[in-house]
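So the structure is just underneath, and the comments pick up after that.
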Amino acid sequence: MSVEQRADNPYNLRYDPRALDRKWQARWEADGLYEANSNDSRPKWFALTMFPYTSGDLHVGHWYAEAPADAHARYMRMRGYNVLHPMGFDAFGLPAENAAIQNGIHPQTWTLDNVERMRAQLKTIGASYDWRREVVTCMPDYYKWNQYFFLKLYEKGLAYRAMAPVNWCEKDRTTLAREQVMPDGTCERCGTAVYQRDLEQWFFRITDYADELLDNSRIDWPERINLMQTNWIGRSEGAELSFALDVPGVDADEIRVFTTRPDTAYGVTFMVLAPEHPLVPALTTPEQRADVEAYIAQARRLTEIERLSGDKEKTGVPLGTYCVNRLNGRKVALWIADYALATYGTGAVMGVPAHDTRDFEFATKYGIPIETVIAPPDYDGAPLGEAYLDPGVMVNSGPFSGMPNEDGKAAVAAHVAENGWGGPTVSYRMRDWLVSRQRYWGTPIPIVYCAACGTVPVPEDQLPVLLPEDADFRPTGESPLKSHDRFRFTTCPQCGNVEAERETDTMDTFVDSAWYQFRYTSPDAGADRAFDPAQLAKWAPVDLYTGGAEHAVMHLLYARFFTKALRDLGLLTFDEPFTRLFNQGVILGEDHEKMSKSRGNVVNPDEQTAVLGADAVRAYLMFVGPWDQGGAWSTQGIRGIPRWFSRLWELGAVRNRSEGPSAPSDIAADLQRAAHRTVQKATEDVEAFQFNTMIAALMTLTNTLSRVEADNPDAACSPEWRSTYDTLLLLLAPIAPHLAEELWEMTGRPYSIHQQAWPDYDPELTKSEEITLVVQVDGKVRDRLTAAADITEDDARAAALSSDKIRAALNGADPARVIYVPGRLLNLVTR
RNA sequence: GCCGGGGUGGCGGAACGGCAGACGCGGCGGACUUAAAAUCCGCUUCCCCUCGCGGGAGUGCGGGUUCGAUCCCCGCCCCCGGCACCA
């Protein structure tokens, strides 16, 4: 295994890392070393890393997600846990179709080829995955259960079909969930500007779970992610208010608005409806119709980008009709304006220009009256120069005048409720999850439309509804399945009508990843069930989930929703899928920029592994910085890792010498202390995912062993040195599993190092008998004294005062105060 | 604009309110070598000096608390991420 000279050995490694990788990966696999068995009495630990999309090549970013996660899983295994660490592939999705369209390869061929290549690449990491549990989401045995859950949700009223204005990406030719539209109104996937279309689509009723999703008390997640979800859900408390309509020829007798400021309701001077509001056509007078229709047409043409741009000037058109503010009987003009959103609240806004910046801007532009109903400090009745948003006393508000507006919110809402004009309510920013996609490479929605029976769910025993392999999947704006007659036309499962039609849209691929974590628990479930309840009970929920923060309001929110919905369906018994979440940072290119092909700064992990071996790439990624902060790849910087490994290898040769007598007591004590300190540091660091400082501690211990060997070769044959070296290998095992296993084998200790117990440490043995006592005068370090660790304040003071440097610094002054930090520092204060 | 997370040597980064810069990279000097690579040893924050003693400054900027602040508080600046007409 050792190599003195290899032609392709630019780092002059002392061993052949690729041979080590091959040797041990084959052995571990043959031995089933990382297979998790449910009939194991040790406590379980379900360690999951977000599975990769089958894009075709494993990026160094994947390694950055997977290698440290594997190190932690290996640590937990050594800690005595029965660890389940699975891997799989997110295999449905548009890139497969796009690649197929461009290269003429079938999406399935493209995807399964990629799975094979990526699986091989993943294996080179040397991670401790239990591959028997692999999940590939495009397989019928898997997506059958997407369909099953869809039907269960449908039965429960949690899946429904509705006509709605939805986000449409013209490039990808499909609708998108709101979560998949970026803040700037572009498609999350391809960056194309998204616009709104009215389409009949399937939704999951995630909003039913809004309040439960706001509850973070059962999850240990980064505060940042919790906050992002909280903001996304956007709960706001307020009131719904009914404004009376009395327009000849119009059936509706009210317009309802949602407001968070019922206390300002006496200041309503106009009413804004969203252009899409259903009452708009009826409420438009003949004189205004042309203007209103033009405005609506123009608003519909706007992309999300234009519509969402915050500093856009407010525009609107009056409908020519009026409603009545029931609180004060005031007649209020109706307008449409695109700053009212059809999809939030009731799609209508009461205009209170005095106390809302948007309404103020609008009213100023169109000459609408502005009436103050919350008095600013020193209010003298003069017109406001801008909207007044702060607290104050209510004025011009009928019976509520004189009341602090903060009290007025509840008081007005209660008053409104008493009169049957609305009342307190809660509104959410989050919308239901749009799951229909007009694309081929996804799970068919298991629904049949029958002229006689209406919407008919496909019976469970007819699942899966297979995705036909021979579809023409080029994008047309309609699902490719729509032009596949053998798929589309079917018999109604209910009445036998032979002219029934299948739903031809497929599901959002986030459905696949909303429950995949549970599938891993049941490798033998196959087509018989989604997961085995006993296995699920054994392993779920996931104890530690790691992955990128970009999934905060998509995958992670959907997975939580799915878990709660499945719980309510009686399919599982817990509330949250992922007990603990950790987000790793992003690995950047050599130039400190995001890696991208166009920048040419992409690091290929395969090339690095071929030269340095998996361990060096793993260890470097962990060493580059704190895992949650990411870091930049450096071809210069990684050189330190193979150097360290080579020194470990050289020390392995020292370990191979025959054992000699005990080391001199001072060396033995130093070695013992160093070992215990390193175990403590490594343990604390790995628990906190601080692999960079953990590795630094292992390097320091390596240096200590080297130093002893260099200074006193006999001491390096001592039992103390040898056991310290063995401890170092145990600590190394999660970081560099192949090298540690090889060196462990060389010690003659029993296979496998990965089945050994993590070493313990004794806090008492980490302490040193002697310390460096820092002596300060007025807070400035003036001397450093060597002292016994338990030196008393009086002794420390005496020692300090006998130091020439301290006496010089004191310059004859007497310390007025002495600060003593035991075992660390003495500060003599002269002031 | 609002909400998070950050700003520390030439570089990546360490530091329970207590020796700033662990560990590593790079650089410089030396050893080994015919030579180079590799390896090993030493030095490496900046400035000053009667350059071996020492002294001063220093963790984005300005204040504050404290015997003592990279760390806590207040006010700014810059970078990264999220949200942003949500009534």
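Letters A, B, ... mirror the listed sequences (proteins, then strands); counts begin at 1. Note that the structure is predicted; figures quoted are calculated from it, not measured.
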Atom pair distance, as rounded to whole Å: [atom1] in [X] and [atom2] in [N]:
X	N	atom1	atom2	result
Phe645(A)	A38(B)	CZ	C1'	18 Å
Ile233(A)	G82(B)	CD1	C1'	15 Å
Asp804(A)	C53(B)	CG	P	16 Å
Met228(A)	G5(B)	CE	P	13 Å
Arg797(A)	C67(B)	CZ	C1'	14 Å

All stems that RNA chain B takes part in, i.e. 3 or more consecutive Watson-Crick or G-U pairs with distances under 3.5 Å, are B:1-7 with B:77-83, B:10-12 with B:23-25, B:26-31 with B:39-44, B:45-48 with B:54-57, B:60-64 with B:72-76
Using the [atom1] atom on both, measure [N] against [M] and round to a whole Å.
N	M	atom1	result
U44(B)	G24(B)	C1'	14 Å
G56(B)	A38(B)	P	42 Å
C2(B)	G21(B)	C1'	36 Å
C72(B)	A15(B)	P	14 Å
G4(B)	C43(B)	P	46 Å
A22(B)	C76(B)	P	35 Å
A35(B)	C46(B)	C1'	38 Å
G9(B)	G13(B)	P	12 Å

Who passes salt bridge (Lys or Arg N to Asp or Glu O under 4.0 Å) against [X], sequence neighbours left out?
X	value
Glu590(A)	none
Glu223(A)	none
Arg261(A)	Asp263(A)
Asp628(A)	none

When all nucleic acid strands are considered with a 4.0 Å heavy-atom cut-off, which category describes [X]: base, sugar-phosphate, or nothing?
X	value
Thr343(A)	nothing
Lys594(A)	nothing
Val829(A)	sugar-phosphate
His592(A)	sugar-phosphate

Tell me every residue that passes ring-ring contact (aromatic ring centres under 6.0 Å, His included) with [X], counting only those two or more places apart in sequence or in another chain.
X	value
Tyr558(A)	Trp433(A), Phe510(A)
Tyr820(A)	none
Tyr388(A)	none

Aromatic ring proximity, centroids under 6.0 angstrom, Trp633(A) and Tyr620(A)
yes
Across all chains, not counting sequence neighbours, the side chain to side chain contact (heavy atoms under 4.5 Å, CB included) partners of Ala210(A) are Ile233(A), Tyr428(A), Met430(A)
The correct set of residues in residues 262-269 of chain A placing a heavy atom under 4.0 Å from RNA chain B is none
Each nucleotide of nucleotides 17-24 of chain B classed B (base within 4.0 Å of a protein heavy atom), S (only sugar-phosphate) or -, in 5' to 3' order, makes -BBS-BBS
* Asked: Looking at side-chain heavy atoms only, is the closest gap between Thr364(A) and Tyr366(A) below 4.5 Å?
  -> no
Taken in chain and number order and not counting sequence neighbours, the residues that satisfy side-chain hydrogen bond (donor to acceptor under 3.5 Å, both in side chains) with Gln690(A) are none
